[in-house]
S.K.: 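Below are the structure tokens for one structure; questions will follow.
None of these values were measured; they are calculated from a predicted model. Values below: all heavy atoms of this structure, side chains included; hydrogens, waters and symmetry mates excluded.
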2 protein chains.
Amino acid sequence: MHENQISPSEWEIMRVVWTTHPITSKEINDILKEKKEWKLATTKTLIGRLVKKGLLSTEQKGRKYEYSPLVSEKESIDESIDDLLDQMCDTKVGRSVETILEKSVVSKSDLERLEALIEKKKADAPKEVKCTCTPGQCSCVH
Amino acid sequence: MHENQISPSEWEIMRVVWTTHPITSKEINDILKEKKEWKLATTKTLIGRLVKKGLLSTEQKGRKYEYSPLVSEKESIDESIDDLLDQMCDTKVGRSVETILEKSVVSKSDLERLEALIEKKKADAPKEVKCTCTPGQCSCVH
DNA sequence: TTATATAGTTTACAACTGTAAACGTAAAAT
DNA sequence: ATTTTACGTTTACAGTTGTAAACTATATAA
């Protein structure tokens with residue numbers, strides 16, 4: 001599990017800051033008013049936690065602060081993906097990708113890039129993926 | 001967010017029970033000894049919580065219980081996937097699938113199935129995925 | 001200049017998690 | 001028959017998360 005996990009509520013904040021920064025707590029709260037019924041105090045608590053976790057930086061501007069991200073959205077998403085993959089047997093990843101693809105709308109160019117990637121992977125894809133699970137935690141034969 | 005979320009430690013238990021059931025707490029613990037340095041008490045606490053959450057059923061066998069899953073592994077994984085997708089803009093899903101595929105080993109037949117799915121999706125894939133984010137939570141132009 | 005609106009910080013508090021000891025009870029071993 | 005062992009249940013306790021009120025300091029408006 002990754003340390004400094006970003007909780008679901010904290011993600012809401014991070015997404016705002018990734019989109020616009022530097023940004024103040026008030027501005028963050030205004031944007032989130034649309035989606036969450038949070039008191040300003042709630043937003044501030046979450047911001048404080050993110051600062052403490054080292055995920056947001058602060059810069060004092062007069063009597064207020066402006067916040068900026070210290071981690072990128074891509075790396076954060078990638079960590080979430082890692083955590084997801086860590087909880088399933090390697091042999092199930094292919095099926096899961098299929099599931100994601102089935103339930104999502106992706107663009108033509110996404111599909112083209114994926115197709116190219118698949119073509120490339122075909123070269124050295126194994127016939128069967130090797131399972132590395134602890135014996136008893138998946139049905140693969142060990 | 002899905003209610004009755006399965007926590008990382010609880011996943012360890014569930015994976016064992018999905019693989020073998022019905023199964024006793026002792027057997028679960030024996031299997032997990034390989035991977036986690038948990039006291040038997042810890043395993044039992046986690047089992048108890050899973051029963052309370054309605055994710056494991058119990059059947060009394062003499063003086064002990066045997067546990068079985070009340071939710072399937074697939075549906076649980078699918079919920080995890082949903083939670084992952086919920087935290088990113090729809091337009092980023094394609095890229096994320098690519099990331100997963102890049103960092104994983106998938107089998108030839110996985111790749112073939114994926115290819116077929118892509119071919120099918122191409123028919124009505126949009127040129128650009130529509131973003132449905134709350135304004136200010138992603139960089140798409142609204 | 002005093003009251004009010006803003007900022008950030010501290011404190012709060014319940015639910016969930018990780019990790020386990022303690023407890024009560026029934027079965028098995030001596 | 002008594003001690004030990006094996007089970008499940010209860011209690012514990014700190015850390016995280018969701019949600020926010022209270023507090024403090026300052027800037028601004030009256």
S.K.: Map B:Lys39 and A:Lys26 onto DNA chain C by nearest heavy atom, then report which one ends up closer to the 5' terminus.
M.R.: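 Closer to the 5' end of DNA chain C: A:Lys26.
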S.K.: I want to check one thing: is the phosphate of D:dT19, taken as OP1 and OP2, less than 4.0 Å away from some side-chain N or O of A:Ser9?
M.R.: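 Yes, A:Ser9 has a side-chain N/O under 4.0 Å of OP1/OP2 on D:dT19.
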S.K.: Whole angstrom is fine here: how far is it from CD in A:Glu37 over to P in D:dT19?
M.R.: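 Taking atom P of D:dT19 as the reference, CD of A:Glu37 is at 10 Å.
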S.K.: Taking heavy atoms of chain A and a 4.0 Å limit, find me the 5'-most and 3'-most nucleotide of DNA chain C within that range.
M.R.: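 The protein-touched segment is C:dA7 to C:dA12.
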S.K.: May I ask you to evaluate whether B:Lys61 reaches the phosphate of D:dG8, defined as a side-chain N or O under 4.0 Å from OP1 or OP2?
M.R.: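 B:Lys61 to D:dG8 OP1/OP2: no side-chain N or O under 4.0 Å.
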S.K.: In this structure, how many angstroms lie between the C1' atom of D:dG8 and the CZ atom of B:Arg63, rounded?
M.R.: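 After rounding, the gap between these two atoms is 12 Å.
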S.K.: If every non-hydrogen atom of B:Thr91 is compared with every non-hydrogen atom of B:Lys130, which pair is closest and at what distance?
M.R.: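 Looking at all heavy atoms of both residues, the shortest contact is CG2-C, 4.5 Å.
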S.K.: How many whole angstroms separate atom CZ of B:Arg49 from atom C1' of D:dA12?
M.R.: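 The distance from CZ of B:Arg49 to C1' of D:dA12 comes to 11 Å, rounded to the nearest Å.
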S.K.: Does a side-chain heavy-atom distance below 4.5 Å link A:Asp90 with B:Val105?
M.R.: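 No, too far: nothing below the 4.5 Å cut-off.
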S.K.: Please report the distance, rounded to the nearest Å, between NZ in B:Lys44 and C1' in D:dA12.
M.R.: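 For the pair B:Lys44 NZ and D:dA12 C1', the rounded distance is 17 Å.
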S.K.: Give the rounded distance in Å between these two atoms: CD of B:Gln5 and C1' of D:dT16.
M.R.: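 Checked: the CD to C1' distance equals 15 Å.
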S.K.: Rounded to the nearest angstrom, tell me the gap between atom CG in B:Leu50 and atom P in D:dG8.
M.R.: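 Computing the B:Leu50:CG to D:dG8:P distance gives 14 Å.
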S.K.: In terms of side-chain heavy atoms of B:Tyr65, which of D:dG8, D:dG18, D:dA21 is nearest?
M.R.: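 The closest nucleotide is D:dG8.
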S.K.: Mind calculating the distance between CD1 (A:Ile13) and C1' (D:dT19) to the nearest angstrom?
M.R.: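 Going from CD1 in A:Ile13 over to C1' in D:dT19 covers 12 Å.
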S.K.: Give A:Lys53 one of three labels, base, sugar-phosphate or nothing, depending on what nucleic acid heavy atoms sit under 4.0 Å from its own.
M.R.: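 Contact class for A:Lys53: sugar-phosphate only.
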S.K.: Could you report the tightest heavy-atom contact between A:Val71 and A:Trp18, atom names first, then the distance?
M.R.: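 Residues A:Val71 and A:Trp18, closest heavy atoms: O-NE1, 2.8 Å.
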S.K.: Which part of the nucleic acid, if any, lies within contact of A:Lys36, taking any heavy atom under 4.0 Å across all strands shown: a base, the sugar-phosphate backbone alone, or nothing?
M.R.: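 It contacts nothing in the nucleic acid.
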S.K.: Measuring only between side-chain heavy atoms, which start at C-beta, is B:Lys74 closer than 4.5 Å to B:Ile77?
M.R.: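 Sidechains of B:Ile77 and B:Lys74: no contact.
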S.K.: Report the residue (A:Ser7 or B:Thr24) whose heavy-atom-nearest nucleotide on DNA chain D is the more 5′ of the two.
M.R.: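 Looking at the nearest nucleotide for each, B:Thr24 comes out on the 5' side.
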S.K.: Output the rounded distance in Å from CD1 (B:Ile47) to C1' (D:dC7).
M.R.: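 My rounded result for the distance is 11 Å.
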S.K.: Using a strict threshold of under 4.0 Å (side-chain N to carboxylate O), is an ion pair present between B:Arg49 and B:Glu10?
M.R.: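 So B:Glu10 does not pair with B:Arg49 through a salt bridge.
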S.K.: Do B:Ser9 and B:Ser7 have side-chain atoms, one donor and one acceptor, less than 3.5 Å apart?
M.R.: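 No, no side-chain donor-acceptor pair sits under 3.5 Å.
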S.K.: Using every non-hydrogen atom in the two residues, find where B:Ala123 and A:Lys108 come nearest and quote the distance to one decimal.
M.R.: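 That would be O-NZ, 4.3 Å.
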